[in-house]
Amino acid sequence: MATAITEGVKVSINAKYQTEFSSPHQHHYVFTYKVTIENHSKSTLQLMRRKWEITDAAEDLKLVEGEGVVGNQPVLEPGTSHSYVSGCNLRSGFGKMKGYYYMERVVDGKIIEVEIPEFQLVADIFSN
């Protein structure tokens, strides 16, 4: 599990290779990842945007940006958390992801750039 804390916001990620949805002979490797965002700050925050950097050993870096996460812009009161599951496809069985969430502090509208820690994507067929 990868974890990072930025200004009281803890982001934890657990990635998993999805054997049943992958086709290694066709260079198609599917990964899911569960993200948990915990608000340990004293302010209410809303997740407005995300920016991911996805590196695949078989391709160049890919940037993915957009509003919210999986169609939501969750509001996190102090002491609460939000979890979701998402996924990505790689052409190789090796890669990594990292990025940022852009969260708005509700009380004054300040945008906080919260680190999404780098985590590895490795197909089970390559690990021992």
Side-chain angles (χ1 to χ4, degrees):
M1 179 177 291
T3 301
I5 300 173
T6 307
E7 294 192 39
V9 179
K10 181 178 179 181
V11 178
S12 302
I13 307 207
N14 191 11
K16 183 177 179 187
Y17 175 61
Q18 298 295 322
T19 306
E20 62 274 19
F21 300 109
S22 298
S23 299
H25 64 283
Q26 294 178 331
H27 305 287
H28 181 77
Y29 299 85
V30 178
F31 297 87
T32 57
Y33 51 91
K34 181 179 181 182
V35 179
T36 301
I37 305 164
E38 301 173 56
N39 183 2
H40 296 286
S41 77
K42 295 180 181 178
S43 301
T44 299
L45 303 170
Q46 183 172 15
L47 195 159
M48 303 304 290
R49 300 188 58 76
R50 72 192 182 291
K51 178 179 180 180
W52 286 100
E53 297 176 10
I54 305 168
T55 303
D56 183 336
E59 297 179 344
D60 292 331
L61 174 72
K62 182 174 19 173
L63 296 177
V64 177
E65 297 184 62
E67 290 188 4
V69 289
V70 292
N72 296 307
Q73 291 181 316
V75 174
L76 286 86
E77 300 286 340
T80 65
S81 65
H82 177 77
S83 295
Y84 70 94
V85 175
S86 191
C88 76
N89 302 321
L90 298 180
R91 288 194 40 76
S92 76
F94 300 98
K96 61 185 177 179
M97 293 177 66
K98 66 179 179 176
Y100 295 95
Y101 293 126
Y102 297 93
M103 303 187 81
E104 180 178 321
R105 195 164 57 196
V106 173
V107 70
D108 61 7
K110 178 183 178 188
I111 299 296
I112 300 168
E113 185 178 77
V114 175
E115 179 186 359
I116 302 170
E118 182 173 289
F119 59 98
Q120 303 298 311
L121 303 168
V122 179
D124 293 348
I125 59 174
F126 299 116
S127 61
N128 290 329

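The shortest distance between side-chain heavy atoms of Phe119 and Lys98 does not fall below 4.5 Å. Leu76 has its side chain within reach of Pro74: a pair of non-hydrogen atoms, C-beta onward, lies under 4.5 Å apart. When side chains are defined from C-beta on, Lys62 does not count as touching Asp60, because their heavy atoms never get closer than 4.5 Å. With contacts defined as side-chain heavy-atom distances shorter than 4.5 Å, the pair Val9/Met103 qualifies.
Summarising the geometry of Gly68 relative to Gln73, their closest heavy-atom pair is CA-CG, 3.8 Å, with the distance given to 0.1 Å. Across every non-hydrogen atom of Ala123 and Tyr29, the tightest pair is CB-CD2, 3.9 Å.
Taken to the nearest 0.5 Å, the CG atom of Leu45 stands 5.0 Å off from the CD1 atom of Ile112. Separation of atoms NE2 (His28) and OG (Ser22) is listed at 6.0 Å; rounding is to 0.5 Å. The distance from atom CD of Glu53 to atom CG of Leu61, rounded to the nearest 0.5 Å, is 5.5 Å. Distance check: Ile116 CD1 to Thr3 OG1 gives 13.0 Å after rounding to the nearest 0.5 Å. For the atom pair Asp56 CG and Ser92 OG, the distance stands at 3.5 Å (nearest 0.5 Å). Met48 CE to Ile111 CD1: the interatomic distance, rounded to the nearest 0.5 Å, is 6.5 Å.
Legend: residues meeting side chain to side chain contact (heavy atoms under 4.5 Å, CB included) with Tyr100, ordered by chain and number and at least two apart, are Tyr102, Glu113, Glu115. With sequence neighbours excluded, the residues that form a side chain to side chain contact (heavy atoms under 4.5 Å, CB included) with Asp108 are Arg105, Lys110. Applying the side chain to side chain contact (heavy atoms under 4.5 Å, CB included) criterion to Val70, with sequence neighbours excluded, gives Asn72, Tyr84, Ser86. Under the rule for a side-chain hydrogen bond (donor to acceptor under 3.5 Å, both in side chains), the partners of Thr32 that lie at least two apart in sequence or sit in another chain are Gln18. With sequence neighbours left out, His27 forms a side chain to side chain contact (heavy atoms under 4.5 Å, CB included) with Arg91.
Legend: side-chain hydrogen bond (donor to acceptor under 3.5 Å, both in side chains) pairs involving residues 34-49, not counting sequence neighbours, sorted by first then second residue: Thr36-Ser83, Glu38-His40, Asn39-Ser41, Thr44-Glu77.
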**OP:** Check the pair Tyr33 / Lys16 against side-chain contact (heavy atoms from CB on, under 4.5 Å), numbers first and verdict last.
**Re:** CA-CA 6 Å; Tyr33 51 91; Lys16 183 177 179 187; over 6 Å; no
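Side-chain atoms of Arg50 do not come within 3.5 Å of backbone N or O of Val69 as any donor-acceptor pair. No donor-acceptor pair closer than 3.5 Å links the side chain of Ser23 to the backbone N or O of His25.
Under the 4.5 Å side-chain contact rule for hydrophobic residues, Val64 and Ile13 share a cluster. Residue Val11 is not grouped with residue Val75 when hydrophobic side chains (ILVMFWY) are merged at heavy-atom distances under 4.5 angstrom, including chains of intermediate members.
Note on ring orientation: taking the six-membered ring where Trp is involved, the planes of Trp52 and Tyr101 are perpendicular (angle over 60°, cut-offs 30° and 60°).
Considering Leu90, Leu121, Asn89 as possible partners of Val30, the one that fulfils the side chain to side chain contact (heavy atoms under 4.5 Å, CB included) test is Asn89.
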